[in-house]
Amino acid sequence: MPTSDILENLTDAQHEAVVHMDGPMLVVAGAGSGKTRVVTRRIAHLISKGVWPSQILAMTFTNKAAREMKERIGELTGAEPPRWVGTFHSACAKLLRRDLDKLSDDSRTGSFTIYDSGDQKSILKLCLKEFGVDTKSLSPAQAQTAISKAKVAMIDPDEYMPSAYFSSLRLDEVYAAYERRLREFNAVDFDDLLLLVVRLLESRPDVRDMYHGRFRHLLIDEYQDTNRIQYRLMKLLGGPAHNVHVTGDPDQSIYSWRGAEYRNIMEFTEDFPDARVVRLEQNYRSTQTILDVANELIEYNFDRISKELFTENPIGCPVGVIELPNGRHEALWVANRVQELYMDRKRLSDMAVFYRTNAQSRALEDAFIDAAIPYQVLGGLRFYERKEIKDMLAQLRIMVNPRDTISLERVVGSKPVGVGAKTFAKILDRAAANDLSPLELLQREDFSSLYGGRGGGKKVVGFADWCRGLAELPLDSVGDCVAEAVSYSGLVSLFESQGRSDPLSESRIDNLGALVDRAYEFARQRPDADLRLFLEEMALVADVDAHDPETDAVSLMTLHSSKGLEFPFVFIVGLESGLLPHRNSCETQEQLEEERRLLYVGLTRAKEEAVLLHVQVRSQWGRDDYTSPSPFLAELPEEGVERLDLSGGGAFDDW
DNA sequence: AAGACGGAGGTTTTT
DNA sequence: CCTCCGTCTT
C-alpha cells in the first residue's frame, strides 16, 4: 500500500490525527477543515500499519456519511473497505442479529423486525386503546415522541415518570405495554437497536470481551450528535485500551431534538484525561467572506467553546440577503439565478437549495419544473415509505418473522381478501387463546371445518390458504424470493385492474418492479445475505434518493441533511421568524442556539457563493401569513453582506 | 366489508 | 392546501 499517499498534503494538525495509533483521541474539526479526509486516511493508515480491517469499527450517523467513508477508504487502500463501517444503527443491528439470543429476559430472536416510526405508531395505537386513552388528549405521535425520549435517556418503563403534562394519561403504562408488544411481535424500534446492544454488553461480560478482542479501534464521527445510549456504547466498546477516536464540531450539533447531548464532546477529555486533542481550524472550503459571516453569526451562541476558523482562500463575493414579496417570487428568483449561473457555464450539480422544512421543497420544485431545470430532492418521502412498498415489505416481514402481527395486519388491509377488522380481531383472540402468533394460527388452524364453509368463514379460509402458501415460498435466493413474493401477493394484478380508474396504479406497479430490481441488486452485491438482511437494509438504508453528486441537477434538501456536504453555490430560503428559527423551537435559549447552528451549518456548506432569502408573505396550508425576517439576519455583519430589497416587486410581477 | 363523505389537524429536523 | 381518520351508508 502506498503509505506515502496517505500522509501526503496534510497540515501538521491533520497529520497528527492521521498517524495517531493507540489511546483516546478527540478531533475537534471545524466546518470544511478536512475531517473526512483525516478519518479516512487514519483508517487507511491503521491498515497500512498492520491493523486488520476487521478490527476497525467506524460508526457514523447517516448512511450518506458511511457510504462516503467507505468509498474514500477504498480509493486510498485499493482494497475492500472494512466491513464494520456503517451507521450506529446498522452496526448495532448487525451485532444483534448474531448475539441478541444471548440476552436473557428477552424473548426476541435474531430474526427480529425493525419497526419504523409508522409501525411504532401502529403499536401505540393498540396500546392507547388498551388503556382507554383518548387519542385526542394523547396522540400516538405524541406518545411516540415521549417514549423515544425516555428510551434515549435510558429510562425503563418501571422508572418512568410521565411529565406533569401527561401524568393523568397513564403514559407509563402505555410505555410498558408498548415494550411488551415489541417483544411479542419479535420487533425492535430504532432506539432498541442501540439500547439492546448496551444491555447485552452490560449483562454479558463474555460477549463484551469477545467484541473488545475483535474491535481494536473504534471511530465515531459527528460525536457532538451522540445521545446517552451512544455515549454508553462508546464506553462499552472502547475496551480497556480506550482506542477511541472521535471527531466532531460542537458548533454543528443539530440533533438535540432527538436526544443528542453535545456536552458529550465538550466532556470527552474528562472521560479520558489522557486523551489527545487535535483541533482542525483551517477551512479549505469557503471563501473568506462566507467564513467571516458564518463565524460572526455563531459568535452569538453563548454556550460554546470559542473557536475561530480561518482560511487562506480568496475573499470572494459578498453573501446575499434578499427580500422578496412571497414564496412564489422566492422560488422564481432562485430558479432565475440558477439559470444565470448555468449560462455562465456553471454546473447544476454545483448548486444547492436548503430549507428548514421538507414542505418548502414544493414551491421550489414547481418553479424548477416550469423553468425546465433538472433537480433532485434529498429526503422527503423515501422509497420504502410508499404505500405499496410498505405493503409488500409487510408481507416479506411476516415471511421471516411470523410473530410480526403489525405487518400481518398491514397485509390483511392491503388486499381485498374480505377479512375485515372484526374477523381479524377474532383471529387475534383465538391466537392468544392457543398461545400462537396470529399468522401461525392462520397457517395451522382448519378454518373450513371450524366455520363449516359458511358465509364470512369462507373468506377466512381463503386467506388462511394464502397464508399457508406464503410459507411455501422459497427463501434461499433474495432476488428470486422477492420476485416470487411480489407475484404471490397479487398486488400487481390488483393494481392492473385498478389501472383504469386510478392513474397512480402504473407507478405503483413500477415501484414494485423497482423493489424486485433492488432485491436482485442486493443479492448480487451480497451473495451470502438472506431476506432478513435485505429487509434490514430496507429499514435502515433505504434512501434510494441519496444525493448523487454526478447527476447534473440542482440539489434540494433540508438544512439538516446538508450537513457533511459542500456546494460552490448555496441558496438558503425561508429566513423568517417562525421558519428559521422554527416556531416550535423558540422556547428556550438552547433551542434558539440550535436553530442558529442550523443556519451556520447551511452557510458553511457554501464554497463560493451563498444567498439567504426571505419573504414578506409566506403561504402555508393555503393561508397567507405576514412574516418578519429571521432575527439571525440582523446578526450578520455589515461587511461581506449585500442586502437587496426586491419586495416592491418588479422582478417577477404578474407571474 | 367496502366505499363515500365530512371534519379535523398539520413531524421541524432522521436512524 | 392536503391528508388522514372516523363514521355513515350500501
Side-chain angles (χ1 to χ4, degrees), chain A residues 59-66 86-93 114-118 120-121 125 135-136 139-142 144-145 148 151-152 188-195 222 225-227 229-230 253-260 327 354-363 366 378-382 384-385 387 412-413 415-424 455-456 458-460 463 498 501 536-543 557-564 574 578-587 591 594-595 597-599 601-602 618-625:
Chain A
M59 293 193 282
T60 65
F61 276 82
T62 64
N63 296 301
K64 199 168 61 192
T87 62
F88 273 95
H89 291 82
S90 64
C92 287
I114 299 169
Y115 277 176
D116 65 19
S117 61
Q120 291 178 53
K121 271 172 233 157
K125 224 176 276 175
T135 50
K136 284 206 177 65
S139 69
Q142 285 175 307
Q144 187 196 349
T145 307
S148 178
K151 290 181 83 158
V152 159
V188 303
D189 62 23
F190 286 130
D191 299 326
D192 283 330
L193 287 171
L194 312 183
L195 208 46
E222 308 282 11
D225 285 332
T226 48
N227 63 30
I229 314 179
Q230 286 155 337
S253 160
I254 53 176
Y255 286 105
S256 75
W257 53 273
R258 67 172 201 207
F354 304 150
Y355 34 79
R356 178 68 233 265
T357 68
N358 277 309
Q360 288 169 262
S361 74
R362 202 145 172 179
D366 287 345
L378 247 98
L381 80 162
R382 269 172 286 274
Y384 79 98
E385 279 168 355
K387 190 173 173 298
V412 172
K415 49 181 68 225
V417 283
V419 177
K422 264 193 163 165
T423 317
F424 191 67
K458 250 186 199 160
K459 296 179 173 167
V460 184
F463 184 60
Q498 287 176 355
S501 55
E536 179 177 306
E537 169 131 334
M538 291 303 289
L540 295 179
V541 291
D543 54 353
M557 69 191 84
T558 63
L559 285 162
H560 280 89
S561 34
S562 78
K563 192 163 73 162
L579 259 185
L580 187 67
H582 195 273
R583 52 180 59 75
N584 297 351
S585 291
C586 295
E587 302 254 320
Q591 286 181 322
E594 181 149 313
E595 295 290 300
R597 287 195 292 268
L598 210 42
L599 178 56
V601 165
R618 176 71 58 187
S619 316
Q620 225 172 353
W621 303 333
R623 214 159 234 88
D624 286 353
D625 290 316

Which nucleotide in the set C/dC2, B/dT13, B/dT14 lies at the smallest distance from any side-chain heavy atom of A/S561? B/dT14

Give a yes/no verdict on base stacking between C/dC2 and A/W621: centres under 5.5 Å, planes within less than 30° of parallel. no

With a non-hydrogen cut-off below 4.0 angstrom, is A/S117 in contact with a base, only sugar-phosphate, or nothing? base

Mark yes or no for whether A/D192, through its side chain, and A/L195, through its backbone, hold a donor-acceptor pair below 3.5 Å. no

Distance, nearest 0.5 Å, that separates CD of A/Q230 from CZ of A/F88: 4.5 Å

Interatomic distance where OH belongs to A/Y355 and P belongs to B/dT11 [whole Å]: 18 Å

B/dT14 phosphate, OP1 or OP2: any side-chain N/O from A/N358 under 4.0 angstrom? yes

Between B/dA1, B/dT15, B/dT14, spot the one nearest the side chain of A/T423, thanks. B/dA1

Sub-4.5 Å side-chain heavy-atom contact between A/T558 and A/N358: yes

Tell me what A/F88 touches on the nucleic acid: a base, only sugar-phosphate, or nothing, going by heavy atoms under 4.0 Å. nothing

Between C/dC5, B/dT15, B/dT13, spot the one nearest the side chain of A/T558, thanks. B/dT13

Rounding to an integer number of Å, can you tell me how far A/K64 NZ sits from B/dT15 P? 8 Å

Distance, rounded to the nearest Å, where A/L193 contributes CG and B/dT15 contributes C1': 9 Å

Between A/M557 (CE) and B/dT13 (C1'), how many Å, whole number? 14 Å

Provide, to the nearest angstrom, the distance between the NZ atom belonging to A/K563 and the P atom belonging to B/dT15. 11 Å

Pairwise side-chain contact, A/E222 with A/Y255, heavy-atom cut-off 4.5 Å (strictly under): no

Expressed as a whole number of angstroms, how long is the span from A/K151:NZ to B/dT14:P? 21 Å

Indicate, with a heavy-atom threshold strictly under 4.0 Å, whether A/S619 touches base, sugar-phosphate, or nothing. nothing

A/Q144 CD - B/dG10 P separation (whole Å): 14 Å

CG (A/D189) and NZ (A/K151) are apart, to the nearest 0.5 Å, by 3.5 Å

Indicate, with a heavy-atom threshold strictly under 4.0 Å, whether A/K121 touches base, sugar-phosphate, or nothing. base

Spacing between A/M59 atom CE and B/dT14 atom P, to the nearest angstrom: 21 Å

Between A/H582 and A/Q120, whichever has its closest DNA chain B nucleotide further toward 5' is A/H582

